[in-house]
Amino acid sequence: MENNPVLRAEHLGIVFGGLKAVSDFDISIGENELVGLIGPNGAGKTTIFNLLTGVYQPTEGVIYLNGKSMAHKKPHQMVKEGIARTFQNIRLFKELTVLDNVKVAFNQGMKYSLLKAVFRTPSYWKEEAEIDRKARELLAVFKMEDMADSLAENLPYGQQRKLEIARALATNPKILLLDEPAAGMNPTETAELMETISTIRKNFNISILLIEHDMSLVMSICERIIVIDYGQIIAKGTPQQIAKNEKVIGAYLGA
Ligand SMILES: Nc1ncnc2c1ncn2[C@@H]1O[C@H](COP(=O)(O)OP(=O)(O)OP(=O)(O)O)[C@@H](O)[C@H]1O
Ligand SMILES: [Mg+2]
């Protein structure tokens with residue numbers, strides 16, 4: 001379908017203690033695509049993210065980022081290849097400020113010389129100023145610039161979720177994986193977040209793979225949806241096709 005998929009995985013599988021948590025999982029995501037990954041609790045969605053980002057090594061299958069094999073790559077190496085993610089359980093540096101949380105993430109994606117940092121050379125300060133400016137710009141995308149100096153742990157939950165996405169974007173990804181970004185948000189915050197996700201995709205020209213429990217929400221913003229149950233794909237298609245798919249309805253009613 002896509003000529004040059006940003007992310008492609010084939011026959012991905014992993015076994016935990018004899019149990020196939022994920023098996024025969026195929027995915028291909030093109031440039032600037034927004035794809036939904038849904039399925040009942042325990043279906044294997046987060047496990048798929050862990051496989052795609054190098055947290056788990058697959059027992060079977062292959063992963064390519066921009067045509068390059070990711071076999072045996074560690075998560076931080078994969079970040080440098082252009083994949084970023086957020087976590088189902090928020091992961092932030094709670095005792096750091098909002099701004100510093102984003103700046104740390106920028107540094108992850110930088111070819112920073114340790115010597116420069118230790119000796120604080122002029123070029124170090126120039127880069128520092130540049131990172132400060134970019135971090136504030138990124139916070140502005142999320143309308144969080146006023147919170148730059150607050151501690152991350154003091155932010156309301158919905159804002160923490162947005163900060164996590166800002167941090168992921170700071171690593172300059174080609175594809176962003178979001179694991180239930182709206183979890184714990186109220187309906188207003190959720191609607192706003194979905195708006196932000198659409199904006200991010202356009203403005204940063206990235207691809208997005210979105211795990212989300214709220215079906216109507218996924219249907220409203222994704223052009224393509226993959227449904228899994230018991231670690232296997234049970235349906236793929238447009239929101240309209242998924243909404244009337246018998247297997248999907250069965251899986252959700254069963255769960
Ligand atoms: N590290 C692990 N060791 C053993 N079993 C695991 C591990 N990680 C996940 N599992 C199991 O794999 C299955 C899939 O879990 P996973 O967290 O991927 O589901 P999920 O679709 O993200 O669910 P939820 O919607 O609740 O977040 C579950 O049965 C889970 O218990
Ligand atoms: Mg999960």
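We count residues from 1, following the sequence as given. As the structure lists them, so they are numbered: ligands from 1, and atoms in each ligand from 1. In this text, all values refer to a predicted model and were calculated from it rather than measured experimentally.
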Do the two ring centres, one from Y56 and one from F16, sit under 6.0 Å apart? yes
Protein N/O/S atoms under 2.8 Å of the Mg ion (ligand 2)? T46 OG1, Q88 OE1
Do we see a donor-acceptor contact under 3.5 Å between the side chains of N66 and R8? no
Has ligand 1 got any nitrogen or oxygen that is less than 3.5 angstrom from a nitrogen or oxygen of G44? yes
List the closest protein heavy-atom neighbour of atom 20 (P) of ligand 1: residue, atom name, distance to the nearest 0.1 Å. K45 N, 3.5 Å
N or O contact, A21 vs ligand 1, cut-off under 3.5 Å: no
Give the residue and atom name of whichever protein heavy atom lies nearest to atom 7 (C) of ligand 1, and the separation in Å to one decimal. F16 CE1, 3.3 Å
Electrostatic pair K45:D179 at N-O distance under 4.0 angstrom: no
Counting from 1 in the order shown, the ligand 1 atoms closer than 4.0 Å to a non-hydrogen atom of H213 are 25 (O)
Are more than 12 heavy atoms, taken from residues, nucleotides or ligands other than K236, located less than 6.0 Å from that residue's NZ atom? yes
Go through ligand 1 atom by atom and flag the ones less than 4.0 Å from a non-hydrogen atom of T47. 9 (C), 14 (C), 15 (O), 16 (P), 18 (O)
List every atom of ligand 1 that sits less than 4.0 Å from any heavy atom of E180, numbering the atoms from 1 in the order shown and giving each element. 25 (O), 27 (O)
Just wondering, more than 12 heavy atoms not from E223 lying within 6.0 Å of its CD? yes
Test: K143 and E189 ion pair at under 4.0 Å: no
Inspect the contact between E164 and R91 and indicate whether a charged nitrogen and a carboxylate oxygen are less than 4.0 angstrom apart. no
Proximal ligand 1 atoms for N41, defined as those under 4.0 Å from one of its heavy atoms: 23 (O), 24 (P), 25 (O), 26 (O)
For atom 31 (O) of ligand 1, is some protein heavy-atom partner under 4.0 Å away? no
Answer yes when E130 and R133 have at least one side-chain N-carboxylate O distance shorter than 4.0 Å, and no when they do not. yes
Cation-pi check, R85 onto F87 ring (under 6.0 Å, within 45° of axis): yes
Just need the protein heavy atom nearest to atom 14 (C) of ligand 1, so name the residue and atom and give the distance. G42 O, 3.3 Å
Go through the side-chain N and O atoms of E33 and S207 and say whether any donor and acceptor fall under 3.5 Å apart. no
Nearest protein heavy atom to atom 27 (O) of ligand 1, by residue and atom, and its distance? Q88 NE2, 2.8 Å
For atom 1 (N) of ligand 1, closest protein heavy-atom neighbour: Y56 OH, 3.0 Å
So for F49, does at least one of its heavy atoms come nearer than 4.0 angstrom to any atom of ligand 1? no
Could you give the distance from CD1 (I29) to CG (L7), rounded to the nearest 0.5 Å? 5.0 Å
What residue and atom, counting heavy atoms only, is the protein's closest point to atom 17 (O) of ligand 1, and at what distance? T46 CB, 3.8 Å
Do F142 and L163 come within less than 4.5 Å of each other through their side chains, counting heavy atoms only? no
Please say whether A43 places an N or O atom under 3.5 Å from an N or O atom belonging to ligand 1. yes
Counting neighbours of CD on E195 that are heavy atoms of other residues, nucleotides or ligands and sit closer than 6.0 Å, is the number greater than 12? no
